[in-house]
Amino acid sequence: MPTFQAPRGTTDRLPAEQKYWRYIESKAMDVARRFGYGRIDSPMFEDAGLFVRGVGEGTDIVEKEMYVFEDRGGDMLTLRAEGTAPVCRAYLQHGMQNQAQPVRMYYICPVFRYERPQAGRFRQHHQFGVEAIGDPDPSVDAEVIELAWTMMHDIGLSDITLVTNSIGDGDCRPEYIRALKSYYENVSGHLCQDCKSRLERNPLRLLDCKVETCRALGEEAPKSVECLCAACEDHWNRVQSYLSAMGIANRVDHRLVRGLDYYTRTVFEIQPAVEGAQSTICGGGRYDGLIEQLGGRPTPGIGFGSGIERLTLNLIRNEVAVPDEPSPQYLIVTMGEEARIEGVRLANQMRAAGVGAILANGGRALRGQMRQANALRVSTALILGEDEVRDGTVAVRDMQTSSQQIVPVDTFLCNAAGG
RNA sequence: GCGAGCAUAGCCAAGUGGCCUAAGGCGCCUGUCUGUGGCACAGGAGAUCACGGGUUCGAAUCCCGUUGCUCGCCCCA
């Protein structure tokens, strides 16, 4: 056991794993571009109050998962616990309500939560997310869902399910929760211990309990979509008709609620077909009260977050072909100190010309250096020995075909830089 | 916060009381091949057997504790 290890729930992203990240990030960025979303990068830490106000005091995130610390000036700060609240804060701080609405933004950033790590769950994980702030129209809900759906297919995950629900707004939800509570109070004798406390603390969460008896009760429970006020119902129906116009199938699950307080109306998740804990790879919804909660004028918004670690896990599980990181093109092999000097010079000139070059381990025999060329998967070895140095040439060896020719260094440099 | 399992070189591991001065494989290094890689063969480096204590004539192996990791619950991406 080494003296120091990466802190619990964090991982080193090694060179060999980078290809997944580059792949997902580039696909995500391209989708965002096509939908007209601009990138935003917010700080890694925020005023602790932002999350308390935004996410909700009773949520698990705020109650027990935030990394909170006091800095040397006495400010209470929190490592970013969630993606949406910081973007909304930035929206307010930079007066984005004066831009054309909605303001469309995306982010790729780390998120920190103090949880017990397990498969697909970390204390530092990374999310690709988008937010469309300032437009209440249901077509924006459909657009955000379409964006998520498109991104999944672009990276090669097609065996996935979109799950949707509407949990109403400030007008109809209180009534729904009353109905839900009275339903559960009548059957409270059959509830598990956790659910009994949920009944008081967070009745919506009763619906997604995994205990079999509670599940069965959840099936019969009042459904939020049946208790919507007229405005919410109209919104919900239009989201559904836009989705169907785009041919995006979705399963309405009245037990889908979400753990953050700010959600209103549309909520959704995307789940892969393979069963397993922490299977959700994308989750989001509308948050029409959040900006106001953070001190702004009433402003609607909708967005989602998608966990890059979980996406990677699913790419590997489904054996999606992900392009390798490009390996260095040239390895310079030298024999003797004279040639070494030429090798250093050549590498320097190549790099200056924008061509990738690395020097082989000069302490090794030619054979060992060639082995290195093989191990590094370079496409070409450049060999400098006594003869080449004397003649101002370099032996250019194609590692695939094993064909080799001796060319003047200047000619080689010209060709390499040009091609 | 609760529950379960695991811990032997960089990685995968055999070993369940004494022939363990710890097998084997991958990877790494060297040589066979004095200036040419992949294949093959030969050799080499690399392990306080997670840490601490106990039982025993004897512990990688049994017991206790600690730490770490993994998996599940809660919740989430």
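Convention: sequence-line order gives letters A, B, ...; per-chain numbering from 1.
Among the atoms of the strands shown, base atoms are found under 4.0 Å from some heavy atom of A:Gln404. Nucleic acid contact for A:Gln372: none, since no nucleic acid atom lies under 4.0 Å from a heavy atom of the residue. No contact: A:Gly129 has no heavy atom under 4.0 Å from any strand. Among the heavy atoms of the strands, none lies under 4.0 Å from A:Glu63. Residue contacts for A:Glu115: at a heavy-atom cut-off of 4.0 Å it reaches a base atom on one of the strands shown. Using a 4.0 Å heavy-atom cutoff across all strands shown, A:Ile281 reaches sugar-phosphate atoms only and no base atom. Within the 4.0 angstrom heavy-atom criterion, no nucleotide atom of any strand lies near A:Phe304.
Put simply, A:Arg364 has a side-chain N or O that comes within less than 4.0 Å of OP1 or OP2 on B:rU30. Taking only side-chain nitrogens and oxygens, A:Arg371 never comes nearer than 4.0 Å to OP1 or OP2 of B:rU36. Within the 4.0 Å cut-off from OP1 or OP2 of B:rU70, not a single side-chain nitrogen or oxygen of A:Gln118 is found. When the side-chain nitrogen and oxygen atoms of A:Arg116 are compared with OP1 and OP2 of B:rG1, none of them lie within a distance under 4.0 Å. Here A:Arg205 reaches the OP1 or OP2 of B:rC75: one of its side-chain N or O atoms lies under 4.0 Å away.
Of all nucleotides listed (B:rG68, B:rG35, B:rC75), B:rG68 comes nearest to the side chain of A:Gln5. In this structure, of B:rU70, B:rG35, B:rA77, it is B:rU70 that holds the atom nearest to the side chain of A:Arg8. Nearest nucleotide to the side chain of A:Asp60, out of B:rC75, B:rA77, B:rG35: B:rC75. In this structure, the nucleotide among B:rG35, B:rC33, B:rA77 sitting nearest to the side chain of A:Arg367 is B:rC33.
Rounded to whole Å, the distance from CD1 on A:Ile160 to P on B:rA77 is 17 Å. Rounded to an integer number of Å, the gap from CE of A:Met151 to P of B:rA77 is 14 Å. Between A:Leu366 atom CG and B:rU36 atom P there is a gap of 6 Å when expressed in whole angstrom units. Note: CG (A:Leu14) to C1' (B:rC11) measures 12 Å, nearest angstrom. Protein atom CG of A:Asn374 is 7 Å distant from nucleotide atom P of B:rC39, rounded to whole Å.
Between B:rC19 and B:rG52, the distance separating the two P atoms is 22 Å to the nearest Å. Comparing the same atom, C1', in B:rG25 and in B:rA13 gives a spacing of 8 Å after rounding to whole Å. Spacing of C1' atoms, B:rC73 relative to B:rG17, comes out at 39 Å, to the nearest Å. Separating the P atom of B:rC2 from that of B:rG15 is a span of 35 Å, rounded to the nearest Å. Annotation: B:rA9 and B:rA14 have their P atoms spaced 12 Å apart (nearest Å). When the C1' atom is used for both B:rC33 and B:rC41, the distance is 12 Å, rounded to whole Å. Only the P atoms considered, B:rC64 is 12 Å distant from B:rG5, to the nearest whole Å. Taking atom C1' in both B:rG68 and B:rC49, one finds a spacing of 16 Å when rounded to whole Å.
Heavy-atom nearest nucleotides on RNA chain B were determined for A:Ala6 and for A:Gln127, and the one closer to the 5' end corresponds to A:Ala6. Of the two residues contacting RNA chain B, namely A:Gly9 and A:Ile61, the nearest-nucleotide position lying further toward the 5' end is that of A:Gly9.
By the 6.0 Å and 45° rule, A:Arg123 stacks over the aromatic ring of A:Tyr114. Judged by the 6.0 Å and 45° rule, A:Arg13 forms a cation-pi pair with A:Trp21.
Side-chain contact between A:Met66 and A:Phe51: present, with at least one pair of heavy atoms (C-beta onward) separated by less than 4.5 Å.
Looking at A:Gln400, its side chain has no donor and acceptor atom pair within 3.5 Å of the base of B:rG38.
Aromatic pair A:Tyr106/A:Tyr37: centroids not less than 6.0 angstrom apart.
A donor-acceptor pair shorter than 3.5 Å can be found between the side chains of A:Glu269 and A:Thr280. For the 3.5 Å distance criterion, the side chains of A:Gln18 and A:Arg22 fail to qualify, holding no donor opposite an acceptor. Counted by atom type alone, A:Asp141 and A:Thr266 present one or more donor-acceptor pairs between their side chains at under 3.5 Å.
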